[in-house]
Amino acid sequence: MSVRVRYAPSPTGSPHVGNIRDALFKYLFAKHHNGVNIVRIEDTDRTRYVPGSEQDIFNSLRWLGIEWQEGMEVGGPFGPYRQSERKELGIYDKWVQVLLDSGHAYWAFDTPEELTEMREYQQVNKQPIGYFGGVWREASGESVQKARDAGVPGVIRLKIPKNKEIVIEDVIRGRITWDSNHVDDPVLIKADGMPTYHFASMVDDHLMEISHIIRGEEWISSAPKHACLFDAFGWERPIFVHCPIIKGKDGSKLSKRHGDTKCLDFRSAGFLPEAMVNFISLIGWAPGGDRELMSMDELIEAFDLDGLQPSPGVFDMEKLTWMNGHYIRQKSISNLMHDIKEFIFLKDTIEYWDRQDNGDVKVNELKMLENSIESQSEYMEKAVELEQERVQTLADFGNACEFFMVEKPNMDEKAVSKWLSKEHVPNLLNALLDYLQEKETISQEECENWIRTYAKDNNLEKLGPVVHPIRITMTGKTAGPGLFELMSVLGPVRMIERIRTVLKNHVVVTH
Ligand code: GLU
């Protein structure tokens, strides 16, 4: 069988990671089997339509490198791929007529009040909730015609067969069965003539020759209706694959409470697509063995449905952050510079940080980084290369590189009072000043030699009393990249200025 899968989002907002994880699984599965991945837009519920979400859907997929061979924006033999356009072409009207003619579907003219009353009755009497036929399922042709002629608003429903066991064989969960008497008759066409999700989605899955319906677990309860629809048409059912839901580390369903859940927010927060793809692929799927760090190509090679788990996957932010750091360190410096520039340039990034608590600090750091890269690209490349070893996200570079960019670094007061008040510090800094004044550039080795020699000449047993005051003078902080490396990057001119500032503002000369 040739593999044809579809990602069929409804444009109801920017897609969440769970939804995109399912889209990734479909892509990996299609690629693994040389199949076709299709993107279809299910926009028949106009009340839930959110402008801009289609673009967010495509941007999310493209950001992660999830490709599709057929569908929206690329076309294909089964187009159009937007359901509202398919509706205009009369595709759903035609197929619902087939079901009406064969007696598998029926018109129902219940008023909203009648439906509410029915539901309340079912609740009070502890009956299964839903529409199980009412007065219309078996109504005569004449009464239906009369209602239609009178212009009474009506819907078309599917006749779920009575007294049957509905069975689907889910690839992940195995056999699932339902008592058909507890499955209500779903609406296929609404009173305004629009098809419902159930109907449009299944008709399209058939017409587009979908082999596997891969989707989230939340759709399992719809599966018996979908199976019955296929059966009513006499069509061969696709294979059902319901992927596990994603939970937060606390065990509850992933939601806003756990932080970002929209796929594109992770881009704005500074995550790399490589890390994101690798990380989400392992939520609910395992490649076997203890493999963890995998590229898209490796995932395609390894992916198959038998690695999918029925139990919920866990979204572990710490793991994503760790993976992102790993992928940042893997990058060549030119690729990394390119990614950082793109990242800051994206208007989503700044908007995202503006929305965060204290986000203005981050916005300022990032803008400063952008300007510095623009005005002194070689210098900033060296600074970024040093911080590449230490940061976890692209957004961290602003803060990490700050001391390279400012004239006077922000001084950590505790560090200043602990180290710069020591008696030997004025001597140390003046000696370094004298040494630097002779130089235009300075290598790491020269910095290291000078520090070691100074410590020896002044009978200091350890390097700490030399290293710490110099680091604080140059960076304002006690932690950061290797001192000799950062000194070499800063270079004599900047270091001289910093030493002068510290001698003037922070060092109390006692003699
Ligand atoms: N349009 C549905 C959604 O928004 C698709 C569900 C399915 O894959 O069947 O997720």
query: Which residue, E70, Q69, H212, E209, forms the side chain to side chain donor-acceptor pair (under 3.5 Å) with R4?
result: E70
query: Measuring from N430:CG to I499:CD1, what's the distance to the nearest 0.5 Å?
result: 8.5 Å
- request: Specify the closest pair of heavy atoms between I246 and F315, including all atoms of both residues, with the distance to one decimal.
  value: CG2-CB, 3.8 Å
- prompt: Do the two ring centres, one from Y197 and one from W219, sit under 6.0 Å apart?
  reply: yes
- request: Check whether the side chains of D250 and S252 place a donor and an acceptor atom closer than 3.5 Å, and report yes or no.
  value: yes
task: Check D205, V5, V3 against I210 for a side-chain contact (heavy atoms from CB on, under 4.5 Å) and give me the one that passes.
output: D205
- prompt: Salt bridge or not for D348 and R267, using N-O below 4.0 Å?
  reply: yes
- prompt: Could R46 and Y49 be counted as a cation-pi pair, given that NZ or CZ must be under 6.0 Å from the ring centre and within 45° of the axis?
  reply: yes
task: Kindly say whether the aromatic ring centers of W68 and Y27 come within a distance under 6.0 Å.
output: no
- prompt: CD1 of I41 to CD of Q83: how many Å apart, nearest 0.5 Å?
  reply: 9.0 Å
H32-F25 aromatic ring centre distance below 6.0 Å: no
message: The test is salt bridge (charged side-chain N to carboxylate O under 4.0 Å, His left out); show your working for R62 and E67 and say whether it passes.
response: CA-CA 7 Å; R62 291 202 169 107; E67 298 160 0; over 6 Å; no
- prompt: Salt bridge check: are K249 and D316 linked by an N-O gap of less than 4.0 Å?
  reply: yes
